[in-house]
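Each remark here refers to the structure printed beneath this line.
Indexing begins at 1, ligand by ligand and atom by atom, following the structure's order.
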Amino acid sequence: MMDNSAERAIAQSNSYVRSSLASVDSCVHELLLRQERQERTTLKLIASENFASSAVLEATGSIFTNKYAEGYPGARYYAGNEIVDELENLAIERLKRLFGSEHANVQPYSGSPANQAVYRALLKPRDKVMGLPIPEGGHLTHGWDINFSGTDYRRVPYGLHEKTQQIDHDLLRDTAKRERPRLIWIGGTAYPRVFDYEVMAEIALEANAYLVADIAHISGLIAAGVHPNPVRHCDVVSSTSHKSIRGPRGGFILSRNEDRYQALYHPKSKYNLARRIDRAVFPHLQGGPHMNVIAALAVALQEAATPAFRVYGQQTVKNAKALAQALLERGYDLVTGGTDNHMLILDMRDRPLSGKAYAERLSKAGIITNFNMVPGDPRDPAVTSGIRLGSPAVTSMGMREGEMVQIAAFIDLVCRQPNDPDVHASVRKDVANLCAAFEVPGITDR
Ligand code: DSN
């Protein structure tokens, strides 16, 4: 028999568990409401952001957050994992099916940890790595000097063709033959064109290098079938799960089972490529996987396998192209002259303000972007000369080409009179009116 005080304590803790956020923590609740209001009334044009569905959000906020499950399905270091084993296997199988991959790991906490695991599984410190530098559209983890990938490995940047601003495969081939890198990255965070995985695979083969695609930005477009799938050409493919694929904040890695360079680079290892990837994620780099995020990823993968998601991917690209065209018509320069994917990069080198200053002014007008380096950028990375725009989130709201033309007009108004508060206020009002005509997944559809 419990005494009265124990019963009271349990009753109190149960009521605490059932309390809503508003009654438990008004400060966080208020911040959440403000963020919701902001997202409902402004244009989310950050190319790496999106709106996860209510189902994805529900799984992210579920009790799976409580479960420790270090290890992998069937081989955990905690008891009580029968259900989460099923959950992780479900996410793995959905991922393998969606991308046609032999192996999948769904545990990386995000894109950078996924890429760290790739380095760990494939290379030794000081091995040579080729990747696109950040000003040309690459990612920090592709061999940038202030990142582990540039300090712990020898980086060999490859560049863009001076005129087209697209990857110069001839130059890349020559550099790879000369430098003999152990790994070549293909992918980036500010590259608006289609990647040629077939040519990259040839180049990697000639150099005996691993080819790794980082599809963080375009995994949704690949899943939707509107961009080529790199899986068959690459040794490993890494990604985040929250950008165009519209899942929770997280990452994943796809790979072949066997390592074609096992005898050359890992002769003493008793593990094949798939096992080395898994061991790099856990136990080398991470502890317990975030099972709530894996649950939400499974949901997002189910959504991404539907015909509706295919339409979403197609519309995302159509919208980016329409926005690009409308901005070109208004006299803006775009890196590479346009886009094939979900993003475009405004080159503002010949304009009076920095990329950072334009992004701040646009934000005052309710247009949320990020400032970004452009090829040949004379400015510091902390200010830059570019603005990156993306269509995934506004496409998730249901906007189409007509709205993109309107958005280009808003951007133009602000950039022409960046220091006029009346312009900021009037564009902000028009932006809010435009947004009010659309549902915001995860916010207004609950
Ligand atoms: N921060 C991501 C992006 O915005 O592209 C890359 O890591």
Side-chain angles (χ1 to χ4, degrees), residues 39 42-52 108-119 129 131-150 155 160 185-195 212-222 227 236-253 285 293 297 316-317 320 323 334-336 339-347 355-356 358-360 362-363 367-375 377 381-396:
E39 302 211 351
T42 60
L43 289 164
K44 191 200 269 280
L45 293 181
I46 291 179
S48 46
E49 292 186 5
N50 211 330
F51 291 108
Y109 296 147
S110 198
S112 292
N115 287 352
Q116 280 178 50
V118 171
Y119 280 90
V129 175
L132 263 184
I134 286 184
E136 273 82 40
H139 187 251
L140 270 174
T141 56
H142 298 178
W144 195 238
D145 56 1
I146 54 167
N147 183 260
F148 80 94
S149 60
R155 66 198 186 100
L160 304 177
W185 283 102
I186 173 84
T189 61
Y191 189 77
R193 297 295 177 179
V194 172
F195 293 102
V212 184
D214 181 338
I215 59 167
H217 266 267
I218 54 172
S219 52
L221 304 183
I222 295 166
H227 264 231
V236 181
V237 174
S238 70
S239 186
T240 52
S241 50
H242 48 270
K243 296 187 173 93
S244 57
I245 200 158
R246 228 161 45 180
R249 201 81 185 204
F252 59 81
I253 304 173
L285 293 167
V293 173
L297 174 63
T316 299
V317 174
L323 184 57
L334 299 181
V335 173
T336 77
T339 181
D340 297 325
N341 58 23
H342 62 297
M343 70 163 81
L344 38 144
I345 300 114
L346 288 177
D347 184 340
K356 182 171 191 241
Y358 281 116
E360 281 168 1
L362 287 165
S363 174
I367 301 167
I368 312 299
T369 65
N370 74 281
F371 56 95
N372 215 94
M373 293 196 89
V374 294
D377 203 321
V383 286
T384 80
S385 304
I387 299 282
R388 189 182 64 165
L389 306 172
S391 60
V394 289
T395 309
S396 291

Give the atoms of ligand 1, by number and element, whose distance to some non-hydrogen atom of [X] is under 4.0 Å.
| X | result |
| --- | --- |
| R388 | 3 (C), 4 (O), 5 (O) |
| H217 | 3 (C), 5 (O) |
| T189 | 5 (O), 6 (C) |

Closest protein heavy atom (residue, atom, distance) for atom 7 (O) of ligand 1: H139 NE2, 2.8 Å

Top protein contact for atom 1 (N) of ligand 1, by heavy-atom distance: S48 OG, 4.7 Å

From [atom1] ([X]) to [atom2] ([Y]), nearest 0.5 Å:
| X | Y | atom1 | atom2 | result |
| --- | --- | --- | --- | --- |
| L43 | L45 | CG | CG | 5.5 Å |
| I134 | T189 | CD1 | OG1 | 6.5 Å |
| E136 | Y191 | CD | OH | 10.5 Å |
| S48 | H217 | OG | NE2 | 5.0 Å |

Ligand 1 contact by E49, heavy-atom criterion under 4.0 angstrom: no

Parallel, tilted or perpendicular, as decided by the 30° and 60° cut-offs, for the rings of W185 and H142: parallel

